[in-house]
2 protein chains.
Amino acid sequence: MTQIKENSTWNFNKELSMQACPVSFVMNKIGGHWKPIILYQLMSGPKRYSELRRAIPGITEKMLIQHLKQLQADDLVSRKAEAVVPPYVVYQFTTKGESLQPVLKAIAAWGYEQWNAEMI
Amino acid sequence: MTQIKENSTWNFNKELSMQACPVSFVMNKIGGHWKPIILYQLMSGPKRYSELRRAIPGITEKMLIQHLKQLQADDLVSRKAEAVVPPYVVYQFTTKGESLQPVLKAIAAWGYEQWNAEMI
DNA sequence: ATAACTGCTTACTTAAGGGTAAGTACTTGT
DNA sequence: ACAAGTACTTACCCTTAAGTAAGCAGTTAT
């Protein structure tokens with residue numbers, strides 16, 4: 001995947017923030033460019049890899065798989081594969097991921113509000 | 001501040017996501033490395049520039065002022081300056097920023113839960 | 001006189017994240 | 001025979017975000 005330099009100031013600050021600020025801790029798990037979008041897609045139920053790819057315009061396969069892997073590593077999303085040809089792989093929330101849903105919904109709700117407010 | 005190339009794929013995708021996904025829209029306003037931490041600090045009340053600097057270990061003045069400006073541009077935080085010497089500048093939530101607080105609290109609450117869960 | 005405080009600004013460098021484009025293995029449809 | 005579908009992997013390059021380090025203007029404290 002992507003190598004991270006262990007001794008960089010950036011990395012040090014990241015660790016510091018994650019330990020000092022709960023909001024920052026969460027952002028590190030669900031923030032970034034693609035993770036919010038992937039999570040949003042999964043909120044409407046389990047999805048196949050190719051379904052996600054088609055549902056998210058502009059995402060590359062590299063980004064999709066990379067973030068799915070990170071979400072798995074953080075135990076927010078699980079992968080279920082059936083050993084058939086063509087392969088059938090489904091991604092869905094874990095129990096921990098499910099517990100995030102109210103938070104994601106609160107975020108989305110605020111987002112919608114702001115959209116509507118900007119329309120007026 | 002920082003120049004953004006208009007025609008980059010990254011920028012195009014960013015716009016796309018912000019229009020297609022409410023979660024992504026919100027993340028663009030409150031995500032990143034420093035914004036969550038700054039917002040978290042402001043949740044406990046208005047703060048001076050130097051208070052924020054001291055409260056956030058590791059942040060540079062450049063990052064602090066840059067993100068405060070972005071938060072102002074997004075109308076989440078307001079700046080109040082008194083024309084005295086030494087200068088007295090206070091940052092606090094706007095009305096819009098206040099409306100974000102329940103969301104930030106929900107995020108922080110989930111973060112605390114996960115911390116505790118990891119401790120067991 | 002000089003250090004320290006206030007709230008910034010600027011130019012330069014580095015590192016992380018993302019994009020491009022190709023390839024893999026195996027099968028069904030035409 | 002060849003394209004198209006499945007779910008990935010890999011190598012290389014470019015853009016953005018962040019870090020480093022300095023400076024400014026005006027005042028009080030030592």
Side-chain angles (χ1 to χ4, degrees), chain A residues 1-17 24 27-28 30-38 46-72 77 79-91, chain B residues 1-17 24 27-28 30-38 46-72 77 79-91:
Chain A
M1 273 214 269
T2 331
Q3 278 275 28
I4 314 157
K5 286 215 174 179
E6 292 234 349
N7 292 336
S8 63
T9 309
W10 191 88
N11 200 41
F12 181 77
N13 276 338
K14 190 170 174 176
E15 290 300 317
L16 229 175
S17 311
S24 183
M27 291 300 178
N28 270 291
I30 66 168
H33 236 81
W34 295 112
K35 276 196 223 154
I37 307 170
I38 295 170
K47 294 272 180 311
R48 291 185 65 173
Y49 174 84
S50 54
E51 281 183 288
L52 287 171
R53 179 166 27 95
R54 276 188 295 264
I56 304 173
I59 200 169
T60 59
E61 304 209 303
K62 181 197 168 190
M63 283 297 109
L64 181 52
I65 205 76
Q66 190 177 105
H67 291 298
L68 282 170
K69 279 189 178 180
Q70 269 175 42
L71 290 168
Q72 283 174 76
V77 162
R79 191 192 106 116
K80 298 239 161 82
E82 280 174 48
V84 290
V85 164
Y88 193 92
V89 180
V90 173
Y91 291 92
Chain B
M1 269 211 271
T2 332
Q3 279 275 25
I4 314 156
K5 286 217 172 177
E6 292 233 348
N7 293 335
S8 63
T9 309
W10 192 88
N11 200 42
F12 181 77
N13 276 339
K14 190 171 174 177
E15 290 300 317
L16 228 175
S17 311
S24 184
M27 291 299 179
N28 270 289
I30 66 168
H33 233 84
W34 296 111
K35 276 196 224 156
I37 307 168
I38 295 172
K47 293 273 180 311
R48 291 185 67 174
Y49 175 83
S50 55
E51 281 183 288
L52 286 171
R53 180 166 26 94
R54 276 188 295 264
I56 305 173
I59 200 168
T60 59
E61 305 208 305
K62 181 196 168 192
M63 283 296 108
L64 181 53
I65 204 76
Q66 188 177 107
H67 291 296
L68 282 171
K69 280 190 178 180
Q70 269 174 42
L71 291 168
Q72 283 174 76
V77 162
R79 191 192 106 115
K80 298 238 161 82
E82 281 174 48
V84 291
V85 163
Y88 193 90
V89 180
V90 173
Y91 291 92

Point to revise | B:F12 CZ - D:dT16 C1' separation (whole Å) | key: 18 Å
Check your understanding: Is there a side-chain contact between A:M27 and B:I30 (heavy atoms, below 4.5 Å)?
Key -> yes
Review point. Once you round it to whole Å, what is the distance between P of D:dC14 and CG of B:N11?
Key: 18 Å
Kindly give the atom pairs (protein nitrogen or oxygen, nucleotide nitrogen or oxygen) under 3.5 Å for nucleotides 2-7 of chain C.
residue, atom, partner, partner atom, Å
C:dT6, OP1, B:S50, OG, 3.4
C:dT6, OP1, B:R54, NH1, 3.4
C:dT6, O3', B:R48, NH2, 2.9
C:dT6, O3', B:P87, O, 3.0
C:dG7, OP1, B:R48, NE, 3.2
C:dG7, OP1, B:R48, NH2, 3.2
C:dG7, OP2, B:S50, N, 3.1
C:dG7, OP2, B:S50, OG, 2.9

**Study point:** Atom pair OG (B:S24) and NZ (B:K14), whose distance is rounded to the nearest 0.5 Å
**Key:** 9.5 Å
Review point. Can you tell me how far the NE2 atom of B:H67 sits from the CD atom of B:Q72, to the nearest 0.5 Å?
Key: 13.5 Å
Exercise for review: Return the value, rounded to whole Å, for the distance between atom CD1 of B:I37 and atom P of D:dA18.
Suggested key: 10 Å
**Study point:** Test side-chain contact (heavy atoms from CB on, under 4.5 Å) applied to B:P87 - qualifying residues, sequence neighbours left out
**Key:** none
Point to revise | A:L71 vs A:Y91, side-chain contact (heavy atoms from CB on, under 4.5 Å): CA-CA, chis, key distance, verdict | key: CA-CA 10 Å; A:L71 290 168; A:Y91 291 92; over 6 Å; no
Practice item. Enter the distance from B:N28:CG to A:H33:NE2 here, rounded to the nearest 0.5 Å. Key: 6.0 Å
Practice item. Give the rounded distance in Å between these two atoms: NE2 of A:H67 and P of C:dA16. Key: 15 Å
Review point. Between C:dT6 and D:dG19, how far is it from one C1' atom to the other, in whole Å?
Key: 23 Å
Practice item. Would you list the pairs meeting salt bridge (Lys or Arg N to Asp or Glu O under 4.0 Å) in which at least one residue belongs to residues 79-91 of chain B, sequence neighbours left out? Key: none
Check your understanding: Taking OP1 and OP2 of C:dT9, is either one under 4.0 Å from a side-chain nitrogen or oxygen of B:K69?
Key -> yes
Check your understanding: For the pair made of CD in A:Q66 and P in D:dT10, what is the distance, rounded to whole Å?
Key -> 12 Å
Do any side-chain atoms of residues 51-60 of chain A form donor-acceptor pairs under 3.5 angstrom with protein atoms, and if so which ones, sequence neighbours left out?
residue, atom, partner, partner atom, Å
A:E51, OE1, A:R48, N, 2.7
A:R53, NE, A:E61, OE2, 3.0
A:T60, OG1, A:M63, N, 3.3

Check your understanding: Quick one: A:K14 NZ to C:dA16 C1', roughly how many Å, whole number?
Key -> 9 Å
Review point. If every non-hydrogen atom of A:K35 is compared with every non-hydrogen atom of A:G31, which pair is closest and at what distance?
Key: CB-O, 3.5 Å
Check your understanding: Rounded to whole angstroms, how far apart are CG on A:N28 and P on C:dA16?
Key -> 13 Å
Filtered N/O pairs between nucleotides 19-21 of chain D and protein, under 3.5 Å:
residue, atom, partner, partner atom, Å
D:dG19, OP1, A:N13, ND2, 2.6
D:dG19, OP2, B:W34, NE1, 3.1
D:dG19, O3', A:T9, OG1, 3.3
D:dG19, N7, B:K62, NZ, 3.4
D:dG19, O6, B:K62, NZ, 2.2
D:dT20, OP1, A:T9, OG1, 3.1

